[in-house]
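Residue numbers run from 1 in the order of the sequence given.
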Amino acid sequence: MVEGRTSMIISWNTTNQCNMFCKHCYREAGVRVDEELNTEEGKALLDEIAKAGFKIMIFSGGEPLMRPDIFELIEYAAKVGLRPVIGSNGTLITSEVAKKLKNAGAMGIGISLDSMSPEKHDRFRVYKGAWREATMGMKNCRDVDLPFQIHTTIMNWNQDEVEDLIDFAVAMGAVAHHFFFLVPTGRAINIEKESLRAEQYENILSRILEKQKKVPIELKPTCAPQFMRIANEMGMTPRFNRGCLAGISYCIIGPKGLVQPCAYLNISLGNVRDVPFSELWANNPILINLRSMKYKGGCGICKYKKICGGCRARAAFYNNGDYMAEEPWCLYQGRKG
């Protein structure tokens with residue numbers, strides 16, 4: 001599932017249906033919504049995504065494995081030259097499902113695990129048995145040689161577990177471990193107080209990068225673009241070329257076809273039912289603005305803006321919707337230029 005340095009990445013929330021009710025869900029997933037893109041619309045979308053130059057196709061949700069035609073869509077994505085990967089909570093990955101995913105052409109799967117404590121993970125995911133079933137899903141992937149990586153959302157209550165979780169990922173045979181940093185949107189607005197602040201971000205990103213020197217798998221922070229600046233200051237050269245990808249080499253499509261710059265930047269760019277995705281991606285004024293990198297405040301004059309960019313979603317949340325504003329949780333404030 002690991003992306004290449006220059007690959008364009010796109011996510012499609014294939015369904016809003018989910019067997020969990022996670023406290024931080026940006027999509028507020030749970031039940032299937034009316035008018036989700038059907039199979040033929042999904043295939044047409046995949047054609048457009050390939051036409052637009054994207055390479056990595058993330059099928060997410062909700063829980064994508066609850067969509068009946070998911071294997072057909074994965075197979076079609078591979079057919080049109082995309083690299084299909086899946087973002088899942090892992091609980092539905094039986095031995096049979098793992099085999100079907102591999103046979104359909106899935107190149108990897110990201111499985112969520114937020115704590116070494118089953119009780120904490122289950123509570124965060126609002127699903128009894130989530131930890132046990134997710135780890136079983138990992139084993140089932142490993143048994144059929146389907147690459148998997150672990151996804152962890154970092155909060156104030158699990159930040160001390162990072163190194164142990166990384167060691168666990170290595171022991172389980174994961175190819176990578178990606179860390180997600182909360183942006184208050186969807187249900188996550190209700191737990192904003194549990195998210196990290198500037199000093200905590202700096203500390204935990206430094207710890208992750210120090211740990212990267214000691215483990216053979218890829219460690220990648222997401223929605224914490226300042227990791228690129230910290231890596232630079234530590235003399236490291238990540239194989240990634242930018243922190244925030246929103247609207248530049250990444251976007252997300254909702255279950256009903258609405259396009260956003262990223263999952264956490266809740267700005268509608270249009271609907272793929274109304275405008276072909278390749279045209280929307282090329283011509284939307286909000287995307288063009290994001291690509292200009294004409295940020296305000298400290299982000300605008302920061303010497304790291306081309307490799308960091310600040311979290312545009314977090315900037316919007318804390319600045320009345322202004323997605324070009326200064327990133328609020330960056331410790332580099334006052335040392336710009």
Using a strict threshold of under 4.0 Å (side-chain N to carboxylate O), is an ion pair present between [Y] and [X]?
{"X": "Arg229", "Y": "Glu233", "value": "yes"}
{"X": "Arg312", "Y": "Glu327", "value": "no"}
{"X": "Lys120", "Y": "Asp122", "value": "no"}

Inset, instruction - Indicate whether any N or O donor in one side chain lies under 3.5 Å from an N or O acceptor in the other, for His177 and Glu218. - result: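 Per modelled atom types, His177 and Glu218 side chains form no pair under 3.5 Å.
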Inset, instruction - For Glu133 and Tyr127, test the side chains for any donor-to-acceptor distance below 3.5 angstrom and give the result as yes or no. - result: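 Yes, a side-chain donor-acceptor pair sits under 3.5 Å.
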Keeping [X] on the side-chain end and [Y] on the backbone end, is there a donor-acceptor pair under 3.5 Å?
{"X": "Glu36", "Y": "Pro255", "value": "no"}
{"X": "Asn284", "Y": "Leu287", "value": "yes"}
{"X": "Gln159", "Y": "Asn156", "value": "yes"}
{"X": "Arg142", "Y": "Gly137", "value": "no"}
{"X": "Thr15", "Y": "Pro64", "value": "no"}
{"X": "Thr152", "Y": "Leu113", "value": "yes"}
{"X": "Asn38", "Y": "Glu40", "value": "yes"}
{"X": "Asn158", "Y": "Thr153", "value": "yes"}
{"X": "Asn271", "Y": "Lys256", "value": "yes"}
{"X": "Glu161", "Y": "Met116", "value": "yes"}

To check you understand the geometry: which heavy-atom pair defines the closest contact between [X] and [Y], and what is its length?
{"X": "Ile93", "Y": "Ala98", "result": "CG2-CB, 4.0 Å"}
{"X": "Pro261", "Y": "Ile267", "result": "CD-O, 3.4 Å"}
{"X": "Cys262", "Y": "Ala246", "result": "CB-CB, 3.9 Å"}
{"X": "Ala134", "Y": "Asn89", "result": "CB-O, 3.6 Å"}
{"X": "Arg125", "Y": "Ser112", "result": "NH2-CB, 3.3 Å"}
{"X": "Ile109", "Y": "Cys141", "result": "CG2-SG, 3.6 Å"}

Inset, instruction - Start with the C-alpha distance between Lys296 and Glu326, add both sets of side-chain angles, then the distance that settles side-chain contact (heavy atoms from CB on, under 4.5 Å), and finish with yes or no. - result: CA-CA 6 Å; Lys296 301 174 184 177; Glu326 181 178 279; 6.0 Å; no
Just how far is it from atom [atom1] of [X] to atom [atom2] of [Y], taken to the nearest 0.5 Å?
{"X": "Ile49", "Y": "Ile10", "atom1": "CD1", "atom2": "CD1", "answer": "4.0 Å"}
{"X": "Met66", "Y": "Ser88", "atom1": "CE", "atom2": "OG", "answer": "10.5 Å"}
{"X": "Ile230", "Y": "Arg207", "atom1": "CD1", "atom2": "CZ", "answer": "12.5 Å"}

Inset, instruction - With Arg83 as the cation and Phe54 as the aromatic partner, state whether NZ or CZ is under 6.0 Å from the six-membered ring centre and within 45° of the axis. - result: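 Arg83 over Phe54 ring: no.
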Legend entry - Lys NZ or Arg CZ of Lys220 over Phe179 ring: under 6.0 Å, within 45°: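 No; the conditions do not both hold, so Lys220 does not lie above the ring face of Phe179.
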Legend entry - Positive for side-chain contact (heavy atoms from CB on, under 4.5 Å) with Leu101, one of Val144, Leu146, Val85: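 So the option named by the test is Leu146.
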Legend entry - Mutual orientation of the aromatic rings belonging to Phe168 and Trp131 [parallel < 30°, tilted 30-60°, perpendicular > 60°]: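 Tilted: the ring planes of Phe168 and Trp131 meet at 30° to 60°.
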Inset, instruction - Using the side-chain contact (heavy atoms from CB on, under 4.5 Å) rule, take Leu37 and Trp12 through it: C-alpha gap first, then chi angles, then the decisive distance, then the call. - result: CA-CA 10 Å; Leu37 298 178; Trp12 172 23; 3.9 Å; yes
Inset, instruction - Output, in order, the C-alpha distance, side-chain angles, deciding distance and verdict of side-chain contact (heavy atoms from CB on, under 4.5 Å) for Gln17 and Arg67. - result: CA-CA 8 Å; Gln17 187 175 5; Arg67 182 165 171 141; over 6 Å; no
Legend entry - Other residues, nucleotides, ligands: >12 heavy atoms within 6.0 Å of Lys213 NZ: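 Buried by this count: over 12 neighbours within 6.0 Å.
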Inset, instruction - Give a yes or no on this: more than 12 heavy atoms of other residues, nucleotides or ligands lie within 6.0 Å of atom NZ of Lys43. - result: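 For Lys43, atom NZ is crowded (more than 12 foreign heavy atoms under 6.0 Å).
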Inset, instruction - State yes or no: are the ring centers of Phe181 and Tyr201 separated by less than 6.0 Å? - result: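 Judged by ring-centre distance (under 6.0 Å), Phe181 and Tyr201 do meet the cut-off.
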Legend entry - Test log, rule side-chain contact (heavy atoms from CB on, under 4.5 Å), inputs Ile86 and Ile58: CA-CA 5 Å; Ile86 300 95; Ile58 304 173; over 6 Å; no
Inset, instruction - Under the salt bridge (charged side-chain N to carboxylate O under 4.0 Å, His left out) rule, what do Asp167 and Lys211 come out as? Steps first, then yes or no, please. - result: CA-CA 10 Å; Asp167 289 338; Lys211 189 68 172 178; 2.9 Å; yes
Inset, instruction - Check the pair Lys79, Glu75 against salt bridge (charged side-chain N to carboxylate O under 4.0 Å, His left out), reporting the backbone distance first and the verdict last. - result: CA-CA 6 Å; Lys79 180 181 177 181; Glu75 187 173 7; over 6 Å; no
